Protein chains: 2
Amino acid sequence: MRYAPEHNEKTRDRILEVASRLFREDGIAAVGLAKIMSEAGLTIGTFYTHFKSKEALVREALLRSLDARHEGIEQLLQNNTDEVLIRGYLNPEHRDEPGTGCVVAALASEVARHPRATRQTFSTHNARTLDALAASLLSRNRKKAGRADAAAFMGLLSGTLQIARATPDRAESDAVLEAGVRAAMRLLK
Amino acid sequence: MRYAPEHNEKTRDRILEVASRLFREDGIAAVGLAKIMSEAGLTIGTFYTHFKSKEALVREALLRSLDARHEGIEQLLQNNTDEVLIRGYLNPEHRDEPGTGCVVAALASEVARHPRATRQTFSTHNARTLDALAASLLSRNRKKAGRADAAAFMGLLSGTLQIARATPDRAESDAVLEAGVRAAMRLLK
DNA sequence: ATTATCTATAGATCTATAGATAATGC
DNA sequence: ATTATCTATAGATCTATAGATAATGC
């Protein structure tokens with residue numbers, strides 16, 4: 001069947017949308033292509049007309065979700081105080097909704113075990129956000145902060161969010177988030 | 001065959017030893033029971049005489065590796081300066097050897113997706129290390145640091161290590177570790 | 001006529017179980 | 001006699017491919 005010219009691209013986009021959410025929610029290794037295709041309203045047979053392999057999908061989904069989050073963070077960086085921005089990351093909603101949340105917190109440790117091409121995609125597209133962080137948030141407070149300093153700041157945020165997510169006691173988990181906010185503020189002083 | 005009384009326990013220990021390494025190296029979802037048993041010198045059929053399920057193994061392997069690392073960290077906390085301790089965590093060897101390294105950096109984001117019983121085990125056994133960190137490292141520098149503050153400090157260390165592991169360029173990855181050291185020192189000031 | 005989608009399947013692997021085998025203590 | 005181990009297998013799922021089907025543009 002010859003479909004409309006944009007049909008193929010729209011389908012591909014829908015698959016990427018679902019994949020970038022499910023990978024963050026369940027982990028890359030734990031989510032199968034059949035589930036992704038099914039949630040996109042398709043059967044698994046169609047997958048390979050859109051992507052060469054699961055690893056190719058992983059790279060494109062990472063790219064997509066990192067870029068999407070970059071847009072959001074750029075906006076937050078412009079008009080807000082440090083604390084508002086930090087609390088925009090370290091809050092119970094973000095903790096409880098990994099599917100639309102930070103890619104670093106959800107997938108960095110798993111991406112580290114993937115092929116170099118995948119790590120390269122992750123690193124390159126995360127660098128845009130790190131550079132923006134360094135340029136506005138960090139340098140606003142102290143001088144001479146580079147991409148690596150932004151990575152450490154991001155490490156504090158994502159590492160703390162992960163520990164909060166792994167902590168089953170709600171009150172204790174909330175306290176971890178609050179301690180993370182204090183620590184992040186301290187880093188900026 | 002009736003084996004020596006300690007035989008069963010030694011075999012179980014060997015399985016746990018292998019599992020706690022492979023889970024950290026490859027991720028929990030990505031490593032199968034057959035591979036674990038094979039590296040322990042056994043076939044998969046024996047697994048269920050030692051553990052009720054894979055999830056039960058996960059809990060015991062987490063418990064074991066968290067406790068093992070706790071011992072090491074306790075010793076480091078006693079006789080070293082802040083910087084030596086921080087560099088004992090954020091260094092290239094630790095980055096390159098996840099199998100024997102920090103459980104939080106390797107598995108926290110994956111544990112967060114596991115059943116509550118597993119998260120409880122993780123949280124309880126990690127709390128011992130967090131309390132030790134709060135008691136010595138943090139309170140040595142600033143007053144009134146609790147378990148949650150230690151969790152944020154640990155979040156900085158583990159989150160930064162994860163980003164270093166995901167960064168394919170060696171020099172850039174090394175720079176992330178160094179920035180992490182600076183940030184951790186800053187947190188203790 | 002083209003091509004995205006479907007069903008069906010290959011072949012590998014996953015967790016888990018059943019029943020036979022073999023090594024040691026009583 | 002006991003029991004940890006083995007082989008074999010069930011049944012589900014994984015990634016990937018093959019070939020039939022069907023929806024739309026020329």
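What's counted below: heavy atoms across the whole structure, side chains too, no hydrogens, waters or symmetry copies. Below, read A as the first sequence line, B as the second, and so on, with proteins coming before strands; counting in each chain starts at 1. It should be emphasised that the depicted structure is a prediction, and the values quoted were computed from it without experimental measurement.
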Would you please name every residue forming a side chain to side chain donor-acceptor pair (under 3.5 Å) with B:R64, sequence neighbours left out?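 With neighbours one apart ignored, the set is B:E17.
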Got a donor-acceptor contact below 3.5 angstrom from the A:D26 side chain to the A:F23 backbone?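 No; judged by distance alone, with no hydrogens or angles, the pair does not exist.
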Between atom [atom1] in [X] and atom [atom2] in [N], what is the gap in whole Å?
X     : N      : atom1 : atom2 : answer
B:F47 : D:dA4  : CZ    : P     : 15 Å
A:K10 : C:dT5  : NZ    : C1'   : 16 Å
B:M37 : D:dC6  : CE    : C1'   : 11 Å
A:E9  : C:dA4  : CD    : C1'   : 15 Å
A:I15 : C:dA4  : CD1   : P     : 11 Å
A:I28 : D:dC14 : CD1   : P     : 15 Å

Using a 3.5 Å limit on both distances, find every run of at least three consecutive Watson-Crick or G-U pairs that involves DNA chain C.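 Listed by first number, the stems are C:1-24 with D:1-24.
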Closest listed nucleotide, where the reference is the side chain of [X] and the choices are [options]:
X     : options               : answer
A:T46 : D:dT5, D:dT15, C:dA4  : C:dA4
A:A34 : D:dA4, D:dT5, D:dC14  : D:dC14
B:T43 : D:dC14, C:dA4, D:dT7  : D:dT7
A:L33 : D:dT15, C:dC14, D:dT5 : D:dT15

Could you check whether B:E55 and B:T118, counting side-chain N and O atoms only, form a donor-acceptor pair closer than 3.5 Å? yes
Does a side chain donor of either B:S173 or B:R95 reach within less than 3.5 Å of an acceptor in the other side chain? yes
Can you give one letter per nucleotide of nucleotides 8-13 of chain D, going 5' to 3': B for a protein heavy atom under 4.0 Å from the base, S for sugar-phosphate only, - for none? ------
When you check the phosphate oxygens OP1 and OP2 of C:dT15, does a side-chain N or O of B:S53 lie under 4.0 Å from one of them? no
Spell out, yes or no, whether A:L63 and A:V31 are grouped together once hydrophobic residues are joined by side-chain heavy atoms under 4.5 Å, including indirect joins.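 Hydrophobic grouping puts A:L63 apart from A:V31.
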Quick one, B:Q120 with B:T124, criterion side-chain hydrogen bond (donor to acceptor under 3.5 Å, both in side chains). Give me CA distance, side-chain angles, the key distance, then yes/no. CA-CA 6 Å; B:Q120 191 62 62; B:T124 303; 3.3 Å; yes
